[in-house]
Visitor: 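Here it is, the structure, as structure tokens.
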Amino acid sequence: MASDSPLKSKPPYSANILFLFLLLPTNLITLFLSSSFSSCALKPSTTTTAAATADPATPTTGSNLPDASTEDTSNLPAEFLAFASGQLLPFGYNANIDSNTIYPPVGQACTLFPDLLRRFMSYKVNGSCPDDEFLAQRLLLKGCEPLPRRRCRPASNANYLEPYPLPKSYWSTPSDNSVVWTAYKCKNYDCLINRKKNHNGFDDCIDCFDLQGNEKNRWAKGKGGGLDFGVDEVLGFKKPGTIRIGLDIGGGVATFAVRMKERNITILTTSMNLNGPFNSFIASRGVVPLYLSISQRLPFFDNTLDIVHSMHVLSNWIPTTLLHFAMFDIYRVLRPGGLFWLDHFFCVGEQLEEVYGPLIESIGYKKLKWVVGKKLDRGPKRREMYLSALLEKPLKNSW
């Protein structure tokens with residue numbers, strides 16, 4: 001009956017008193033939290049504090065995250081902890097995060113190298129960053145990726161000159177004053193351009209900076225049925241205009257991206273600064289560099305890119321399991337019908353047939369081109385091999 005409805009019944013007087021006593025301390029706690037953790041506060045909150053002050057009425061999925069208070073952080077720099085510790089959200093629980101705390105991302109391996117991390121995170125807040133590009137890259141290559149953010153201003157060349165305008169910048173060597181050179185053996189671009197003649201030991205992409213040398217013709221035309229595919233040959237496998245955006249993994253000085261941009265295709269290039277200012281050089285040419293190692297998950301959503309290219313980088317120097325993860329990550333970001341251009345994949349002897357061929361085939365691509373050739377620059381006795389392949393992500397999964 002209507003008279004029995006709990007919505008219309010009135011609580012007794014004693015219940016009202018009880019509710020009043022419950023409401024008063026709750027409001028006091030809320031007032032304390034709002035004053036202690038305002039949106040303007042610079043002092044970071046910790047996971048322990050967040051768990052202690054969480055509203056028990058909100059969903060608790062986020063509170064199941066690891067409690068940083070249980071870990072030994074005594075050997076980690078204070079500025080790193082200020083960034084990486086859990087930060088309470090100013091307005092409390094957020095449904096998108098499913099928590100009242102946000103955890104800024106840093107690489108899992110960062111804490112494994114506390115001495116390097118301490119040097120990287122030692123600086124004056126709001127001041128200038130140390131000149132430590134080499135140190136930062138060492139951390140990144142060890143797996144400290146992403147690096148923690150810092151609250152300091154990086155150095156730039158005191159005599160910095162702006163880059164050449166497009167399209168002149170595509171094939172012009174930028175000014176030496178566009179780079180801070182302290183991290184490199186070469187101290188100007190002339191040295192980098194001529195290092196193939198004067199080099200001693202290993203240098204990554206040794207002739208890349210000579211834009212009027214081999215780089216000028218790279219990917220411009222294919223060489224018959226050989227390992228070198230041409231850009232227009234590859235684009236000919238798809239309808240005109242359907243290859244629009246993509247990624248070049250380990251793209252050197254981004255000549256592939258420039259070649260594609262000349263065809264109105266946008267390519268982002270991942271590159272490290274291995275004894276040369278590759279990222280600065282890429283940006284000076286007017287294309288976009290991504291400072292990422294091969295270990296990091298690609299920063300793109302699923303099924304979004306039209307093409308992914310990689311030359312030399314994806315090869316047998318990468319641990320096989322890590323390579324398998326990387327190959328699947330490429331598959332993930334390619335849209336159905338997208339192209340994966342595996343350019344000069346390097347291996348030795350029977351590795352292609354026994355290891356890498358089955359690994360690549362396990363991903364699920366359709367083979368459009370598959371060319372195997374001998375790598376002879378160090379002599380035939382080494383039994384070194386190259387694979388160049390053009391692979392297409394199927395429109396529909398067959399499993």
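Keep in mind that the numbers below use all heavy atoms, side chains included, and drop hydrogens, waters and symmetry copies.
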Visitor: With a 4.5 Å limit on heavy-atom distance, are the side chains of F80 and T111 in contact?
Guide: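 Yes, side chains in contact.
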Visitor: Determine whether the aromatic ring centres of residues Y365 and Y331 are separated by less than 6.0 angstrom.
Guide: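 Between Y331 and Y365, the centre distance is under 6.0 Å.
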Visitor: Does one side chain, of E361 or W370, offer a donor that lies under 3.5 Å from an acceptor on the other?
Guide: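 The criterion, which ignores hydrogens and geometry beyond distance, is not satisfied for W370 and E361.
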Visitor: Say whether T182 and D131, considering side chains only, have a donor N or O and an acceptor N or O under 3.5 Å apart.
Guide: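 Yes, D131 and T182 have a side-chain donor paired with an acceptor closer than 3.5 Å.
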Visitor: Flag the pair K238 / E392 as yes when at least one side-chain heavy-atom distance between them is below 4.5 Å, and no otherwise.
Guide: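 In short, these two side chains touch, coming nearer than 4.5 Å.
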Visitor: Judged by modelled atom types alone, do S172 and R285 share a side-chain donor-acceptor pair under 3.5 Å?
Guide: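 On atom types as modelled, these side chains do not qualify, holding no pair under 3.5 Å.
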Visitor: Whether the N157 and W181 side chains hold a donor-acceptor pair (N or O, under 3.5 Å, no angle test) is what I'd like checked.
Guide: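 Side chains of N157 and W181: no pair found under 3.5 Å.
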Visitor: Do T173 and Y164 come close enough that some side-chain heavy atom pair is under 4.5 Å?
Guide: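 They are not in contact (no side-chain heavy atoms under 4.5 Å apart), so the answer is no.
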Visitor: Looking only at the side chains, is there a donor atom on one of N273 and E133 sitting less than 3.5 Å from an acceptor on the other?
Guide: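 Note: N273 and E133 side chains meet the donor-acceptor criterion.
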Visitor: Are R335 and D306 close enough, and set up right, to give a salt bridge (Lys or Arg N to Asp or Glu O under 4.0 Å), and what steps lead you there?
Guide: CA-CA 6 Å; R335 64 167 175 81; D306 300 317; 2.5 Å; yes
Visitor: Would you say the side chain of C110 lies within less than 4.5 Å of the side chain of P148, judging by non-hydrogen atoms?
Guide: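 Yes - at least one pair of side-chain heavy atoms lies under 4.5 Å apart.
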Visitor: Is K369 close enough and on-axis enough to F229, meaning under 6.0 Å and within 45°, for cation-pi?
Guide: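 Yes.
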Visitor: In terms of hydrophobic clustering (I, L, V, M, F, W, Y; side-chain heavy atoms under 4.5 Å; direct or indirect links), are L76 and V125 co-clustered?
Guide: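 Shared cluster, yes.
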Visitor: For a quick check under 3.5 Å, do D132 and Y123 share a side-chain donor-acceptor pair by atom type?
Guide: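 No, no side-chain donor-acceptor contact under 3.5 Å.
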Visitor: If we only count heavy atoms from C-beta on, is the T255 to W171 side-chain gap below 4.5 Å?
Guide: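 A side-chain contact under 4.5 Å exists here.
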Visitor: Within the structure provided, determine whether R150 and E79 are in side-chain contact (heavy-atom separation under 4.5 Å).
Guide: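 No, every pair of side-chain atoms sits at 4.5 Å or beyond.
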Visitor: I'd like to know if F120 and F134 are part of one continuous hydrophobic network [Ile/Leu/Val/Met/Phe/Trp/Tyr, side-chain heavy atoms within less than 4.5 Å].
Guide: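 No, because F134 and F120 fall into different hydrophobic clusters, even though each may have its own neighbours under 4.5 Å.
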Visitor: Find out whether C347 and Y356 are in side-chain contact, i.e. whether some heavy atom of one side chain is under 4.5 Å from a heavy atom of the other.
Guide: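 SC-SC contact between C347 and Y356 confirmed.
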Visitor: Can you label the angle between the H309 ring and the W341 ring as parallel, tilted or perpendicular, going by 30° and 60°?
Guide: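 Ring orientation of H309 relative to W341: perpendicular.
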Visitor: Between Q87 and Y103, do the side chains contain a donor N or O and an acceptor N or O under 3.5 Å apart?
Guide: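 There is no such pair (donor and acceptor under 3.5 Å, judged by atom type) between the side chains of Y103 and Q87.
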Visitor: Is L88 close to N100 at the side-chain level, that is, under 4.5 Å between some pair of heavy atoms?
Guide: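 In short, these two side chains touch, coming nearer than 4.5 Å.
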Visitor: Under 3.5 Å, is there a donor on one side chain and an acceptor on the other for S315 and H344?
Guide: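 No.
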Visitor: What class does the angle between the rings of F209 and F281 fall in, given that below 30° is parallel, 30 to 60° is tilted and above 60° is perpendicular?
Guide: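 Taking F281 first and then F209, their aromatic rings stand perpendicular (interplane angle over 60°).
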Visitor: Please check if any side-chain donor atom of N214 sits under 3.5 Å from a side-chain acceptor atom of D207, or the reverse.
Guide: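 Yes, a side-chain donor-acceptor pair sits under 3.5 Å.
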Visitor: Centre of F113's six-membered ring, under 6.0 Å away, within 45 degrees of the axis: is that where NZ or CZ of K142 sits?
Guide: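 Yes, a cation-pi geometry.
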